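See below for the structure under consideration.
Keep in mind that what you see is a predicted model, and the values were worked out from it rather than measured. Throughout, protein chains are lettered first and strands after them, A, B, ... in sequence-line order, and every chain is numbered starting at 1.
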There are 2 protein chains.
Amino acid sequence: MTYTTGAAEDYLKTIYAHTEWQTDLITPSALAVRLGVAPSSVTEMVKKLAASGLITHVPYGPLALTDAGRLRATAVVRRHRLIETWLVGEMGYDWDEVHDEAEILEHSISDRLLEAINARLGFPAHDPHGDPIPAADGTVQRPAALLLADAEVSHSGTVLRISDRDPAVLRELAADLIGPGTQFTLAAPFTIVLADGQSRLVTPAAARSIWVTA
Amino acid sequence: MTYTTGAAEDYLKTIYAHTEWQTDLITPSALAVRLGVAPSSVTEMVKKLAASGLITHVPYGPLALTDAGRLRATAVVRRHRLIETWLVGEMGYDWDEVHDEAEILEHSISDRLLEAINARLGFPAHDPHGDPIPAADGTVQRPAALLLADAEVSHSGTVLRISDRDPAVLRELAADLIGPGTQFTLAAPFTIVLADGQSRLVTPAAARSIWVTA
DNA sequence: GCCAAACTTTCGGCAAACCGAAACCTCGCT
DNA sequence: AGCGAGGTTTCGGTTTGCCGAAAGTTTGGC
Ligand SMILES: [Fe+2]
Ligand SMILES: [Fe+2]
Ligand SMILES: [Fe+2]
Ligand SMILES: [Fe+2]
């Protein structure tokens with residue numbers, strides 16, 4: 001019924017994350033890859049999550065969160081992002097260093113401590129990578145976004161978020177002073193011009209990590 | 001070899017805690033009671049801890065930490081007490097509210113985050129209950145102490161620590177403005193006179209939670 | 001010195017997560 | 001329609017940590 005182990009939270013969070021910036025549903029094998037787990041482990045957990053009413057699943061089909069599952073998932077994402085924001089804002093971490101610590105703490109911090117952190121930070125709307133922090137009721141403020149790699153040449157916009165999956169990309173972009181809020185024009189593939197006229201070459205990996213206004 | 005699950009940490013910590021303010025060794029059954037676990041579970045974990053060289057144990061005998069075990073235990077205690085100090089010092093918790101949260105976080109915080117917290121707090125030597133915070137090398141500064149319940153009438157001294165086992169006792173003492181550092185004279189059993197001349201009646205439960213200078 | 005109470009260990013079992021190998025579907029392509 | 005590749009599930013097995021019941025050990029009191 002109230003099935004909320006750390007493992008289950010990770011499955012829910014990952015299912016949620018997959019649909020946050022794209023629309024297709026995640027498959028069991030993709031989930032296995034993302035979680036670094038064998039496909040058979042996914043099958044097993046999927047059965048438990050479905051039995052608890054947190055996801056829907058037809059055999060051999062993809063996975064989808066129920067309303068209850070989405071609420072549970074956004075709660076975990078909320079914890080994760082508030083913790084990341086706190087680590088950068090108060091504890092002297094750089095934005096490429098926070099993900100792993102948050103990955104662990106998100107499962108052990110109490111609601112009370114989380115809200116104390118939230119209040120100290122002034123109720124931030126975004127984490128250091130530009131990801132929206134879900135509200136306690138599960139609501140998420142998410143602007144229309146486009147992967148930089150998919151943007152057309154001459155596209156102008158603002159950087160909305162940068163995936164924190166690859167710390168090397170984050171360090172590279174920090175060195176180039178590119179982050180959420182950076183305004184740019186795509187001059188040529190992988191070449192952006194910033195507001196101050198400086199141009200920057202972004203690596204393909206970075207272009208696949210940067211989401212910009214549509 | 002490097003056996004460090006959260007469960008094992010709790011066993012080590014509890015074995016350590018038992019000898020921190022008294023000298024006798026803990027028995028398996030006492031450990032079971034403290035951990036809220038069946039005696040057979042203790043036997044099992046004890047075998048693993050002994051096999052890992054963290055405790056010594058002769059069958060049917062009491063338990064003792066090895067040097068390696070004590071180092072592991074003090075590391076956990078250090079985490080626990082720094083977290084408690086942080087929750088009170090920065091996050092708006094009262095001293096009767098921190099123990100349970102610390103009990104969980106002590107197993108998931110990284111060394112790096114712990115040291116960041118430590119630095120923010122100014123490297124405190126004691127937690128909110130007056131318990132000494134072990135150094136990173138396992139060293140503990142521990143003054144000679146005496147349970148208030150065991151002190152003789154007319155004994156004068158300073159409150160050193162108050163066990164955080166019973167939150168009700170902590171709230172009661174906070175209301176009476178008694179805490180680590182409070183100077184007193186034991187006027188009669190369960191009756192102490194404070195430095196300002198006011199006298200206080202402490203409950204038997206409190207007298208068994210308060211440790212004072214010898 | 002013996003014996004029963006009290007404590008400790010052994011034993012079989014359970015639940016959560018994980019795995020690999022083997023069986024099983026699906027779907028696209030011919 | 002048929003077939004096979006690739007994705008999914010089933011199955012048996014592992015580890016960690018827990019349990020209760022039963023068996024074994026220690027020890028204090030008579
Ligand atoms: Fe993250
Ligand atoms: Fe993030
Ligand atoms: Fe505590
Ligand atoms: Fe404490």
Side-chain angles (χ1 to χ4, degrees), chain A residues 1-15 18-19 22 24-65 69 72-73 76 100 103-104 106-108, chain B residues 1-16 18-19 22 24-65 69 72-73 76 103-104 106-108:
Chain A
M1 175 97 133
T2 6
Y3 179 50
T4 324
T5 71
E9 286 184 346
D10 279 336
Y11 280 81
L12 292 174
K13 182 186 59 168
T14 306
I15 295 168
H18 185 261
T19 39
Q22 49 214 72
D24 60 317
L25 297 176
I26 195 168
T27 60
S29 56
L31 185 53
V33 170
R34 285 258 208 123
L35 288 169
V37 125
S40 51
S41 303
V42 171
T43 302
E44 191 174 288
M45 181 63 87
V46 157
K47 272 192 287 195
K48 289 192 253 184
L49 294 174
S52 308
L54 296 168
I55 66 175
T56 57
H57 177 235
V58 295
Y60 296 96
L63 311 171
L65 293 170
R72 207 70 74 76
V76 180
D100 293 351
E103 202 65 27
I104 292 171
E106 68 192 6
H107 304 299
S108 34
Chain B
M1 175 83 160
T2 7
Y3 178 50
T4 325
T5 70
E9 285 184 347
D10 279 336
Y11 279 82
L12 292 173
K13 183 185 59 168
T14 306
I15 294 168
Y16 172 82
H18 186 261
T19 39
Q22 49 213 72
D24 60 318
L25 297 176
I26 195 168
T27 60
S29 56
L31 185 52
V33 170
R34 285 255 210 127
L35 289 169
V37 125
S40 51
S41 303
V42 171
T43 301
E44 191 175 286
M45 181 63 87
V46 157
K47 271 194 287 198
K48 288 192 252 184
L49 294 174
S52 308
L54 297 168
I55 66 174
T56 57
H57 177 234
V58 295
Y60 296 95
L63 311 171
L65 294 171
R72 208 68 74 75
V76 180
E103 202 66 27
I104 293 172
E106 69 191 5
H107 305 300
S108 35

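Contacts of residues 56-63 of chain B with DNA chain D (heavy atom under 4.0 Å): Y60(B). Of all the residues in residues 35-46 of chain A, P39(A), S40(A), T43(A) reach under 4.0 Å from DNA chain D with at least one non-hydrogen atom.
Sequence neighbours left out, not one pair with a member in residues 51-62 of chain A passes salt bridge (Lys or Arg N to Asp or Glu O under 4.0 Å). Within the structure, salt bridge (Lys or Arg N to Asp or Glu O under 4.0 Å) contacts touching residues 4-14 of chain B (residues at least two apart or in different chains) are D10(B)-K13(B), K13(B)-E103(B), K13(B)-E106(B). Residue pairs meeting the side-chain hydrogen bond (donor to acceptor under 3.5 Å, both in side chains) criterion with at least one partner in residues 27-47 of chain B, sequence neighbours excluded, are T27(B)-S29(B). Among residue pairs with one or both ends in residues 55-65 of chain A, none qualify as side-chain hydrogen bond (donor to acceptor under 3.5 Å, both in side chains); sequence neighbours excluded.
Remark: S108(B) pairs with S108(A) by the side chain to side chain donor-acceptor pair (under 3.5 Å) rule, at least two apart or across chains. A7(B) pairs by the side chain to side chain contact (heavy atoms under 4.5 Å, CB included) definition with T5(B), M45(B), not counting sequence neighbours. Legend: residues meeting side chain to side chain donor-acceptor pair (under 3.5 Å) with T4(B), ordered by chain and number and at least two apart, are R72(B). With sequence neighbours excluded, no residue satisfies side chain to side chain donor-acceptor pair (under 3.5 Å) with H18(B).
Annotation: side chain of V37(B) is in contact with side chain of Y11(B) (closest heavy-atom distance under 4.5 Å).
Taking OG1 from T19(B) and CG from L25(B), the interatomic distance works out to 7.5 Å, rounded to the nearest 0.5 Å.
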For V76(B) and L12(B), what are the C-alpha separation, side-chain angles and deciding distance, and is it a side chain to side chain contact (heavy atoms under 4.5 Å, CB included)? CA-CA 8 Å; V76(B) 180; L12(B) 292 173; 5.9 Å; no
Passes side chain to side chain contact (heavy atoms under 4.5 Å, CB included), I15(B) versus I55(B)? Steps please. CA-CA 9 Å; I15(B) 294 168; I55(B) 66 174; 4.1 Å; yes
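Taking the 5' to 3' direction, DNA chain D first and last meets chain A under 4.0 angstrom from a heavy atom at dG7(D) to dT10(D). Along DNA chain C, read 5' to 3', the first and last nucleotides having any atom under 4.0 Å from a heavy atom of chain A are dA16(C) to dC25(C).
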